[in-house]
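These notes are about the structure you will find just below.
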Amino acid sequence: MLLHMKTNKLVIINILTFLVFSNTAFFFMYPIYLSAMDVSKTAIGLIMGMYSVASFVVRPLAGKSIDRVGERPVLLSGLFLIFACSLLYHAVPGTIAAIYVLRIFHGIGFSAFIAAAFSAIAKFIPREIRGRAFSYNGASMLAALGFVPLAGEHLMDAFGHPAIFHGGAATTFLAFSLLLFTQKWEKMEAKPGLNVRYIEILRDRSFFFVLVAMILFVDAQATVLNYFPLYAKTIGVRGGVFLALSLGLAVAVRLFGSGILDRYSKRLIIKICFVLFGVGIIFFYKLDSILFYVVSIILYGLGLGYIFPALNTIGAEQGSFDQKAGMMSILTMVIDGGFILGSIFSGGLSDMIGLSNTFVFAGAISLLGFLVTSVAPIREHTSD
């Protein structure tokens with residue numbers, strides 16, 4: 001019965017995650033809107049990266065808040081803030097300073113949500129099926145990131161750029177309403193009151209190198225998500241179609257191949273997938289070739305399918321139950337750090353060397369992740 005309740009909680013978390021990342025996916029179309037306003041790529045990178053900077057900075061506070069009041073209140077607060085910000089983009093269409101402020105609060109809302117969602121999975125899902133749990137949760141993310149931009153392209157063509165804001169607000173309104181009327185959630189809350197000690201958590205060398213591998217992966221992935229739609233437009237490729245196919249493959253891997261993470265070495269899987277993922281991104285350089293287009297979808301999609309849930313699972317295996325909220329806050333904080341690099345640094349880099357060369361650089365960064373996971377002292381299957 002207890003496992004059934006935990007599984008139901010995971011289903012709710014996955015639905016909420018899909019809706020929140022649908023909001024994120026709508027706003028990955030935002031650079032196209034900003035570009036139409038003659039905003040430079042560097043400024044676009046700063047605007048997009050400000051979201052992750054805010055999320056990064058407040059993440060330790062999110063972890064401590066979860067420790068005190070539990071996951072549900074933090075989830076609700078984050079969802080409401082994301083919803084409100086999505087509506088307010090209408091009020092600041094051409095005011096750059098106001099856009100920065102709005103991106104900050106949007107990022108804070110996302111920070112609260114993702115920290116609480118990861119904490120719930122790490123705490124309440126047994127280690128024996130945690131790999132599948134993070135795979136399913138990751139599949140819900142990719143399903144949104146893969147298919148919503150395609151829908152967003154059609155909505156923008158039909159209704160103009162405001163469709164981004166309407167779509168983003170609608171998804172988070174649904175998420176907030178679902179969680180608000182979920183009555184059984186409190187019965188599953190952890191007991192609050194323990195103090196999160198981040199210094200002690202970071203002294204764990206195994207967990208530290210999981211963080212290093214994660215930031216390398218997310219940097220490359222954030223470069224793709226932020227700049228691929230714009231790059232595809234410049235070379236005459238439908239970015240939404242490419243992302244739908246490649247991320248759709250990754251979703252299939254996470255849904256139907258998730259059990260592999262609970263049966264085999266996650267480190268070995270991560271190393272193989274870092275190579276596939278990195279080479280797939282490097283091939284973006286020749287994406288106007290049919291051969292490279294198809295091969296890139298396969299390599300990028302397969303690599304993407306396992307790296308993120310495998311790293312999350314290993315991260316959740318570290319430390320004690322009382323440390324889960326703090327560890328997941330740091331892990332998701334590092335994810336934000338990778339998005340900052342992939343948004344701001346890659347935006348500036350693309351102004352200097354071009355978007356195609358920027359993707360070659362991002363692919364090389366992901367190959368560095370193969371080296372880290374090969375030599376670092378990362379432990380698996382640490383008892384809870």
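What you see is a predicted model; the values in this text were computed from it and never measured.
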Show me the donor-acceptor pairs within less than 3.5 Å that the side chains of residues 303-316 make with the rest of the protein, sequence neighbours left out.
from	atom 1	to	atom 2	distance (Å)
Tyr306	OH	Gly257	O	2.9
Asn312	ND2	Phe308	O	3.2
Thr313	OG1	Pro309	O	2.6

ask   = Between Phe83, Tyr51, Phe27, which is the residue that forms a ring pair (Phe, Tyr, Trp, His ring centres under 6.0 Å) with Phe110?
value = Tyr51

inquiry  = Under the rule for side chain to side chain donor-acceptor pair (under 3.5 Å), what residues qualify as partners of Thr223, not counting sequence neighbours?
reply    = Ser346

message = Suppose we screen for side chain to side chain donor-acceptor pair (under 3.5 Å). Which residues come up paired with Ser119, at least two apart in sequence or across chains?
response = Glu71

Return the set of residues passing side chain to side chain contact (heavy atoms under 4.5 Å, CB included) with [X] (not counting sequence neighbours), or none when no residue passes.
X	answer
Phe56	Met333, Asp336, Ile340
Ala376	Phe209, Val372, Ile378
Leu276	Ile272, Leu299, Leu302

inquiry  = Please tell me whether Ile99 and Leu87 are part of a single hydrophobic cluster in this structure, the criterion being side-chain heavy atoms less than 4.5 Å apart.
reply    = no

query = Can Leu247 be reached from Ile298 by stepping across I, L, V, M, F, W or Y side chains whose heavy atoms are under 4.5 Å apart?
reply = yes

key: Exam field: side chain Arg254 to backbone Gly138, donor-acceptor pair closer than 3.5 Å   = yes

request  = Would you check if the side chain of Ser296 reaches a backbone N or O of Gly280 as a donor-acceptor pair within less than 3.5 Å?
outcome  = yes

Check ring pair (Phe, Tyr, Trp, His ring centres under 6.0 Å) between [X] and all other residues, then give those that pass, not counting sequence neighbours.
X	answer
Phe359	Tyr231, Phe284
Phe18	none
Phe283	Phe292
Phe118	Phe134

message = Which label fits Tyr293 and Phe242: parallel for a plane angle under 30°, tilted from 30 to 60°, or perpendicular past 60°?
response = perpendicular

Measuring only between side-chain heavy atoms, which start at C-beta, is [X] closer than 4.5 Å to [Y]?
X	Y	answer
Phe113	Thr17	yes
Ser140	Asn137	yes
Lys286	Val295	no
Ile269	Ser265	no
Leu367	Ile282	yes
Phe217	Ile335	no
Val53	Arg103	no

message = On a heavy-atom basis, which atom in Leu79 and which in Val20 lie closest, and how many Å separate them?
response = CD2-CG2, 3.3 Å

query = According to the side-chain hydrogen bond (donor to acceptor under 3.5 Å, both in side chains) rule, which pairs have a member within residues 104-116, sequence neighbours left out?
reply = Asn23-His106, Arg59-Ser111, Tyr89-His106

inquiry  = The criterion is salt bridge (charged side-chain N to carboxylate O under 4.0 Å, His left out); which residues satisfy it with Arg132, sequence neighbours excluded?
reply    = Asp262

message = Take a 6.0 Å sphere around OH of Tyr285 and say whether it holds more than 12 heavy atoms from other residues, nucleotides or ligands.
response = no

